[in-house]
Amino acid sequence: MIRSLKAFFPLWAASDAIYIGPAGPSATTYPELIALRKIVASTSISDAEILRHFSHPSPWVVGYCFEVLVERRSALLKNLPASLFSRAEPVCEGFACFRFHQPLSEYIRDRLQAKGLGAAHVSGR
């Protein structure tokens, strides 16, 4: 059982990409992705707890927390903090050997659209 979301922050903060999945059976599965999958499957960490870390200074940590909510198809994605959509730090999405660089806010918008979650409703938090 996973007891602390924060235990994964050093791994995610040191990452060079937000890894969202390997491509193919022999592809590398990065430790960051394994951690993401563990959090997604964890019932001891709530979506609300994850959402509280969207103001973390590391864009990588925010990106991975966001991916947890996406994979869980959380209802909280409909009420994301407005500050999230103004974060311009560059991030890199990693899928197999492909890398896509863009600001964190654009990454979040693109991932919502790609997962068919549409535009999020932004809260004033």
Side-chain angles (χ1 to χ4, degrees):
M1 176 191 271
I2 297 171
R3 298 188 187 277
S4 171
L5 177 63
K6 289 182 180 182
F8 294 95
F9 288 2
L11 173 66
W12 288 342
S15 186
D16 63 345
I18 300 170
Y19 293 101
I20 57 169
S26 63
T28 302
T29 302
Y30 293 90
E32 296 94 323
L33 181 59
I34 294 168
L36 171 68
R37 290 177 176 163
K38 287 180 179 180
I39 297 295
V40 168
S42 172
T43 57
S44 63
I45 298 173
S46 71
D47 290 357
E49 180 182 348
I50 293 163
L51 187 65
R52 284 194 295 272
H53 297 289
F54 275 31
S55 61
H56 193 280
S58 168
W60 305 108
V61 170
V62 174
Y64 276 107
C65 286
F66 169 75
E67 286 297 330
V68 170
L69 296 185
V70 167
E71 291 305 312
R72 289 181 174 182
R73 298 192 70 80
S74 173
L76 295 180
L77 290 169
K78 294 181 186 224
N79 197 24
L80 294 172
S83 61
L84 193 58
F85 294 97
S86 63
R87 292 197 59 171
E89 304 100 322
V91 295
C92 175
E93 174 184 339
F95 187 83
C97 61
F98 301 104
R99 297 286 186 268
F100 306 97
H101 299 270
Q102 63 192 94
L104 178 62
S105 58
E106 288 180 29
Y107 170 82
I108 288 170
R109 283 187 186 96
D110 288 351
R111 290 290 291 147
L112 286 169
Q113 200 167 37
K115 287 290 193 172
L117 300 170
H121 302 284
V122 179
S123 74
R125 287 185 272 171

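Once rounded to the nearest 0.5 Å, the distance linking CZ of Phe66 with CG of Leu76 reads 12.0 Å. If you take CD1 on Ile45 and NZ on Lys6, they are separated by 11.5 Å, rounding to the nearest 0.5 Å. Atom CZ in Arg109 sits 10.0 Å away from atom CG in Leu104 (nearest 0.5 Å).
Tyr107 and Ile20 make their closest contact through OH-CG2, 3.6 Å (heavy atoms, listed as atom of the first residue, atom of the second, distance). Shortest non-hydrogen contact noted between Ile18 and Gly63 is CD1-CA, 3.7 Å. The minimum heavy-atom distance between Ala13 and Ser58, with the atom names listed, is CA-OG, 3.7 Å. Here the closest non-hydrogen pair linking Pro103 and Ala88 is CB-O, 3.8 Å. Nearest heavy-atom pair across Ser86 and Ser105 is N-CB, 4.3 Å. Taking all atoms of both residues into account, the shortest heavy-atom contact from Ile50 to Cys65 is CG2-O, 3.4 Å.
A 4.5 Å side-chain heavy-atom check between Leu80 and Phe85 finds at least one atom pair inside the cut-off. In this structure the side chain of Ile39 reaches within 4.5 angstrom of the side chain of Trp12, judged on heavy atoms. Residues Leu69 and Phe54 form a side-chain contact, since some pair of their non-hydrogen atoms from C-beta on lies under 4.5 Å apart.
Applying the side chain to side chain contact (heavy atoms under 4.5 Å, CB included) test to Leu11 and every residue at least two apart in sequence or in another chain returns Pro31, Glu32, Ala35. Taking the side chain to side chain contact (heavy atoms under 4.5 Å, CB included) definition, one finds that Pro90 meets it with nothing, sequence neighbours left out. Partners of Phe9 under the ring pair (Phe, Tyr, Trp, His ring centres under 6.0 Å) rule, at least two apart in sequence or in another chain, are His53, His56. Scored by the side-chain hydrogen bond (donor to acceptor under 3.5 Å, both in side chains) test, Glu49 finds no partners at all (sequence neighbours excluded). Under the rule for a side-chain hydrogen bond (donor to acceptor under 3.5 Å, both in side chains), Tyr64 has no partner lying at least two apart in sequence or in another chain. The side-chain hydrogen bond (donor to acceptor under 3.5 Å, both in side chains) test applied to Asp47 returns Arg72, Ser74, not counting sequence neighbours. In this structure, the side-chain hydrogen bond (donor to acceptor under 3.5 Å, both in side chains) partners of Glu89, at least two apart in sequence or on a different chain, are Arg87. Applying the side chain to side chain contact (heavy atoms under 4.5 Å, CB included) criterion to Ala7, with sequence neighbours excluded, gives Ser4.
With respect to Arg37 and Glu71, no salt bridge is recorded, no charged nitrogen being found less than 4.0 Å from a carboxylate O.
Judged as a salt bridge (Lys or Arg N to Asp or Glu O under 4.0 Å), the pairs with a partner in residues 50-68 (not counting sequence neighbours) are, in order, Glu67-Arg111.
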